[in-house]
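One structure is given below, encoded as structure tokens.
Counting from 1, the numbers follow the sequence of the chain as shown. Keep in mind it's a predicted model, so treat the numbers as computed, not measured.
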Amino acid sequence: VSITLGAGTSHFSASTIDAGEFTFDSTASIEEDLQNTLGVISASGATTISLGANAGLAVSALVVHSGGATITKGIGSSEVTFGVGISSEGALTINGAGTGKLSLSSIATDGGFTFNGTGMATSNYFSANTITATSGDITFQFGYGMNGFVDVSSINTVSAFTLVGASLS
């Protein structure tokens, strides 16, 4: 299943999405007031979510049964929330940018977790209750002079945990 929002003000809402591979692309949207609401997403293949500059996202749960997932936040002030969390049998990558919060209840992955916050403004942060990786590393990467604030209650991994950044504020 592939959902692509066109240019202009647009948003998308669904209560349940059950798919093989799943792609959600709102990069062309200039919507600033309404957030995309995707409810529960269950995918049996690679999953990609790419957001427009100010496109917010609220997801109850994302479950990727095989393959990995990549989530890219827009460069504006949008907020991204996963109420129940993300579970992925493959690697999970979240790319943060701009301002606004990235908030997840939990992350569980069999293939490692990478948070790339090199494009985040200093007022931004990442929060999650728990992050668990049964294989693969857990990595947080921030750009020079950026905000390296990570608010996580518990990080569990059988591999390495790495925090990368220079002159973090």
Run the side-chain donor-acceptor check on residues 49-59: report pairs under 3.5 Å with partners two or more places apart or on a different chain.
{"from": "N54", "atom 1": "OD1", "to": "S77", "atom 2": "N", "distance (Å)": "2.8"}

Using the side-chain hydrogen bond (donor to acceptor under 3.5 Å, both in side chains) definition, which of the options D110, T109, N156 pairs with T134?
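Between T134 and the candidates, side-chain hydrogen bond (donor to acceptor under 3.5 Å, both in side chains) is satisfied uniquely by D110.
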State whether the side chain of [X] and the backbone N or O of [Y] hold a donor-acceptor pair below 3.5 Å, judged by distance alone.
| X | Y | answer |
| --- | --- | --- |
| D137 | S159 | no |
| S154 | V152 | no |
| T16 | V40 | no |

What's the separation between atom [atom1] in [X] and atom [atom2] in [Y], rounded to the nearest 0.5 Å?
| X | Y | atom1 | atom2 | value |
| --- | --- | --- | --- | --- |
| L5 | E31 | CG | CD | 9.5 Å |
| L34 | T9 | CG | OG1 | 8.5 Å |
| S13 | N36 | OG | CG | 7.0 Å |
| L62 | L92 | CG | CG | 7.5 Å |
| Q35 | S26 | CD | OG | 11.5 Å |

Run the side chain to side chain contact (heavy atoms under 4.5 Å, CB included) test on T157 and T132 for me, step by step, so that the C-alpha distance in whole Å, both residues' side-chain angles and the decisive distance to 0.1 Å come before the verdict.
CA-CA 6 Å; T157 182; T132 302; over 6 Å; no
Tell me the closest heavy-atom pair linking [X] and [Y], and the distance in Å.
| X | Y | result |
| --- | --- | --- |
| S10 | S29 | O-OG, 3.1 Å |
| S105 | G83 | CB-O, 2.9 Å |
| S88 | A69 | OG-N, 4.2 Å |

pair [X]-[Y]: side-chain heavy atoms closer than 4.5 Å:
| X | Y | value |
| --- | --- | --- |
| F24 | I17 | no |
| T162 | I138 | no |
| H65 | S42 | yes |
| T114 | Q141 | no |
| K73 | S78 | yes |
| I71 | I86 | yes |
| T70 | N95 | yes |

Please name all residues satisfying side chain to side chain donor-acceptor pair (under 3.5 Å) with S153, sequence neighbours left out, ordered by chain then number.
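S153 satisfies side chain to side chain donor-acceptor pair (under 3.5 Å) with N129 only.
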With the 4.5 Å side-chain cut-off for hydrophobic clustering, are [X] and [Y] part of the same group?
| X | Y | result |
| --- | --- | --- |
| F161 | L104 | yes |
| I75 | L102 | no |
| I94 | V164 | no |

Check: T23/D25 side-chain N/O donor and acceptor closer than 3.5 Å
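No.
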Does I155 have more than 12 heavy atoms from other residues, nucleotides or ligands lying within 6.0 Å of its CD1?
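Yes, enclosed.
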Contacts of type ring-ring contact (aromatic ring centres under 6.0 Å, His included), residue F115, not counting sequence neighbours:
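Residues passing ring-ring contact (aromatic ring centres under 6.0 Å, His included) with F115: F126, F140, F142.
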